[in-house]
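Okay, structure first, notes after.
Residues take their numbers from the sequence shown, with the count starting at 1. Nothing here was measured: the structure is a model prediction, and the numbers come from that model. We use all heavy atoms of the structure for the numbers below, so side chains are in, but hydrogens, waters and symmetry mates are not.
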Amino acid sequence: MKIILVSNNELSNNFYFEEETNIETKKKFRPLSIEGEQQAKKLAKKDIFNNIERIYSDASVSNIDSAKYLAEVLKQDVIINKRLHDIKIGDLKGKTVKMLSFFQEHDFTFKLDGGESLKDAGVRISSFIRSILNDSYENIVIYLPKRCILAYLINHTSAEFNLDDRLVLSYNDEVILGNTDEAMDIFELTFEERELKKLAIIKEEV
């Protein structure tokens, strides 16, 4: 069974909320940029998605917008699952999101009041993936936030730190995920008898 994890990181900066809005809502409703829309459209036509039998997404606008192009090409529905939501931030109490990310990358159990740690999110995403491993489908794609992919992959990779003291994940001595501004993060996971046997980063140009 193969599962492809996709995060489209090209989000628009041209939106703001007139009323006071919590950061969780802002993240959920932030749309793709024009470039992000174009990349999602091109990605949907790539050969790696030819045999996809099931499309899942979290409920964020950006990931639904990404998934809709593949759904149109494959003539399928996008299944929204609440377990795929972005990591809950909680009460920042004067901290910045960047500061929180730094703390969490150095302590996978760190979380704010009302928030989630990377470990919490990893357990949540792992639970979802275990549940779909019971399905009869052989090829599945999941659109979800990059931090959720990070939280899941921590359990299957080697965690290291770069020269800027930021977390990078390696698999078979290859850096597969780090604190970089990639337009899209795409990973192919191969399972046999419900166990992850191979993890590969997909670097196709979109």
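- Residues in residues 121-146 take part in these salt bridge (charged side-chain N to carboxylate O under 4.0 Å, His left out) pairs, two or more places apart or across chains: E116-R124, K146-D185.
- Following chains of ILVMFWY side-chain contacts shorter than 4.5 Å, one cannot reach F191 starting from V141, and the two form parts of different hydrophobic clusters.
- Atom CD1 of I34 has 12 or fewer neighbouring heavy atoms from other residues, nucleotides or ligands inside a 6.0 Å radius.
- Judged by distance alone, the side chain of S101 and the main-chain N or O of V97 form a donor-acceptor pair under 3.5 Å.
- Put simply, the side chain of K27 gets close to the backbone of I87: a donor and an acceptor are under 3.5 Å apart.
- For the pair S170 and V175, the tightest heavy-atom approach, listed with the atom from each and the gap, is OG-CG2, 3.7 Å.
- When all heavy atoms of S7 and I149 are compared, the pair lying nearest together is CB-CD1, 3.8 Å.
- For the pair R30 (side chain) and S12 (backbone), a donor-acceptor distance under 3.5 Å is present.
- None of V6, I4, I140, V78 except one satisfies the side chain to side chain contact (heavy atoms under 4.5 Å, CB included) rule with I55; the exception is V78.
- Two residues are said to be in side-chain contact when any heavy atoms from C-beta on lie closer than 4.5 Å; L177 and F187 meet this criterion.
- Between the CD1 atom in I129 and the CG atom in L84 there is a gap of 8.5 Å [rounded to 0.5 Å].
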- Item | side chain to side chain contact (heavy atoms under 4.5 Å, CB included) between D113 and K93, worked out | CA-CA 9 Å; D113 291 342; K93 294 181 179 177; 2.9 Å; yes
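- Cluster membership for I3 and M184, using ILVMFWY side-chain heavy atoms within less than 4.5 angstrom, is not shared.
- Pairing each heavy atom of D86 with each of C148, the nearest pair is CA-SG, 3.8 Å.
- With a 4.5 Å cut-off on side-chain heavy atoms, E37 and Y69 count as touching.
- Applying the side-chain hydrogen bond (donor to acceptor under 3.5 Å, both in side chains) rule to E35 yields the partners S33; only residues at least two apart in sequence or on another chain are considered.
- Using a 4.5 Å heavy-atom cutoff, the side chains of S66 and L32 are in contact.
- Side chain of H85 to backbone of K28: no donor-acceptor contact under 3.5 angstrom is found.
- To the nearest 0.5 Å, atom CZ of residue F161 and atom NE2 of residue H106 are 4.0 Å apart.
- Donor-acceptor pairing under 3.5 Å is recorded for the side chains of D120 and S117.
- Note: F29 CZ to S62 OG = 11.5 Å, rounded to the nearest 0.5 Å.
- Atom CD1 in I201 sits 12.0 Å away from atom CD in E188 (nearest 0.5 Å).
- In this structure the side chain of I142 never reaches within 4.5 angstrom of the side chain of I125, judged on heavy atoms.
- Separating the CG atom in L5 from the CD1 atom in I202 is a distance of 9.5 Å, to the nearest 0.5 Å.
- A chain of hydrophobic side-chain contacts below 4.5 Å, direct or via other Ile, Leu, Val, Met, Phe, Trp or Tyr residues, connects M99 to L112.
- Two different hydrophobic clusters hold M1 and L74 under the rule that ILVMFWY side chains link at heavy-atom gaps under 4.5 Å.
- Residues I64 and S57 come closest through the heavy atom pair N-OG, 3.7 Å.
- Taking CD1 of I186 as the start and CD1 of I48 as the end, the distance is 5.5 Å to the nearest 0.5 Å.
- Of the possible donor and acceptor atoms, one in the side chain of E24 sits under 3.5 Å from a partner among the backbone N and O of I89.
- When atom types are taken as modelled, the side chain of D58 and the backbone of L144 share no donor-acceptor pair closer than 3.5 angstrom.
- The hydrophobic clustering, which links ILVMFWY residues whose side-chain heavy atoms are closer than 4.5 Å, places F17 and L11 apart.
- With hydrogens and angles ignored, the 3.5 Å screen pairs no side-chain donor or acceptor of N172 with any backbone N or O of E174.
- Within a 6.0 Å radius of OH in Y137, no more than 12 heavy atoms belonging to other residues, nucleotides or ligands are found.
- Side-chain contact between R147 and L118: present, with at least one pair of heavy atoms (C-beta onward) separated by less than 4.5 Å.
- Crowding of K68 atom NZ: a count of heavy atoms from other residues, nucleotides or ligands under 6.0 Å exceeding 12.
- For the pair F110 and Q104, the tightest heavy-atom approach, listed with the atom from each and the gap, is O-NE2, 3.2 Å.
- Between E53 and K2 there is no salt bridge, since no side-chain N of the basic residue sits under 4.0 Å from a carboxylate O of the acidic one.
- Using a distance-only test at 3.5 Å, with no hydrogens or angles considered, no donor-acceptor pair links the side chain of T25 to the main chain of T21.
- Judged as a salt bridge (charged side-chain N to carboxylate O under 4.0 Å, His left out), not a single pair has a partner in residues 69-84 (not counting sequence neighbours).
- Closest heavy-atom contact between I154 and L169: N-CD1, 4.0 Å.
- In this pair, Y56 and F128 present their aromatic rings perpendicular. The plane angle is above 60°, beyond the 30 to 60° band.
- Y152 is listed as a side-chain neighbour of S126, based on a closest heavy-atom distance under 4.5 Å.
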